[in-house]
Amino acid sequence: MGNMKELTKGLMKENPIFVQFLGMCATLAVSTSVINGIGMGLSTTAVLIASNIIISLIRNFIPNKVRIAAYIIVIAGCVTAVEMALNAFAPAISKSLGIFIPLIVVNCIILGRAEAFASKNGVVKSALDGIGMGLGFTLALVILGSIREILGNGTFLGIQLFGEGFQPATVLILPPGAFIVLGTVLAVINLITSKKKEGGEE
Amino acid sequence: MALLAELVLLSLSTILANNYVLVKFLGICPFLGVSKKVGTAVGMSVAVTFVMTVASVITFFVQKLLVHFSIEYMQTVAFILVIAVLVQVVEMAIQRFSPALYNALGIYLPLITTNCAVLGVALLNVQEGYDFVHTLVYSFSAGLSFMLAIVLFSGVRERLETADIPKPLQGFPIALITAGLIAMAFLGFSGMSF
């Protein structure tokens, strides 16, 4: 039961993007389409799981003073492995995500989970935490990517959704759209949670 | 003369048309995190610009070494190490020589390590195949573009403090939408052909 909670908390209650506001750079930059969101989300998940497991295994050997540096090296190693794997097996995605794959190293989610969770918990819990947080990140990216791709391009996963008459709001797949869509989604989430709270108090 | 003109254009297009924060989405965390006051925004961006420029110069030579030993796949690991060490050194140097500045910047300094704009500039320099002079100009301009965006944004945010904002929009959402509007203004520059 306790382990299940580690897995599911990342999806909604502690969603890294919508609740903790971590990993904003990658979120804003790659949510232009659903497929980019999935690619980035799963790459980050892979890194998160690997780094959480390794850090949880070595947490007792690292002197407290150099722990952040040690974490960053572990994370950088995992990212390099994922980068090479993507290059070999999914070159198209690797190309469209470009510089943001190596930049997973400095994604605050990963260092954040290493410091806040993996350095204090056992291997199984840390792995589950990594899976949950990673999938939560992916879910958020897919939601943002869907909104931006459907409204900004009239497609979903590259499939044309509307007839000839549809005028896509191109601004949504341009940089300003990223900020505005995320801001709006966060506002809607705030609205829903505050409604829920009011309902609970009655 | 031609080189000078080219460098000026590179610098202008980095600051305006390809603004690091608003167009390339690098360095969003500090952009949203330390932009509540103009003063801290200026301090942060000065520190970032400095680290960015020095880090790019060092990684320029590190990349040469990596190529020499044909271990380019170690790029990410090597670059992040350089940046982490550099930030530590800068922190200690400022603490030693200018305690006043250290107190003003204090908490923001270690954060620069995980500022993706710094690693981003270092990686982009290599990707674009810039030579030494271009690397220097490009990374300094990248720092300036960060400064421009964060200082403009913090100015707007100070005003937001006193504004009457609908409850669900308070805090992060309105900040993001504001950033979106500023980004839209910067989109205008992309029409200019440098």
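Every chain is numbered from 1 and lettered A, B, ... according to where its sequence line falls, protein lines coming before strand lines.
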Q: I'd like to know which of A:A69, A:A76, A:P175 tops the heavy-atom pair count under 4.5 Å against chain B.
A: A:P175
Q: Compare all side-chain heavy atoms of B:F153 with those of B:L32 and state whether any distance is below 4.5 angstrom.
A: yes
Q: At their closest point, which heavy atom of B:S11 faces which heavy atom of B:V137, and how far apart are they?
A: CB-CG1, 4.1 Å
Q: Check each of A:I55, A:I110, A:I62, A:L57 against A:V74 using the side-chain contact (heavy atoms from CB on, under 4.5 Å) test, and report the only one that passes.
A: A:I55
Q: For the side-chain contact (heavy atoms from CB on, under 4.5 Å) test, which of A:I53, A:I54, A:L48, A:I49 pairs with A:C78?
A: A:I54
Q: Can the ring centroids of B:Y20 and B:F31 be said to lie less than 6.0 angstrom from one another?
A: no
Q: In terms of side-chain geometry, is the basic nitrogen of A:K120 or A:E115 positioned less than 4.0 Å from the acidic oxygen of its partner?
A: no
Q: Could you check whether atom OH of B:Y130 has more than 12 heavy atoms from other residues, nucleotides or ligands sitting under 6.0 Å from it?
A: yes
Q: Could you check which of B:T178, B:L169, B:L119 has the highest count of heavy-atom pairs closer than 4.5 Å to chain A?
A: B:L119
Q: Checking an interface table here. Which of residues 58-87 of chain B come within a heavy-atom distance under 4.5 Å of chain A?
A: B:Y73, B:T76, B:V77, B:I80, B:L81
Q: With respect to chain A, which residue among B:A117, B:G120, B:A175 yields the maximal number of heavy-atom pairs within a distance under 4.5 Å?
A: B:G120
Q: Can you say whether A:V171 sits under 4.5 Å from chain B via the side chain, the backbone, both, or neither, judging by heavy atoms?
A: side chain
Q: Using a 6.0 Å cut-off, check whether atom CZ of A:F18 has over 12 heavy atoms from anything other than its own residue.
A: yes
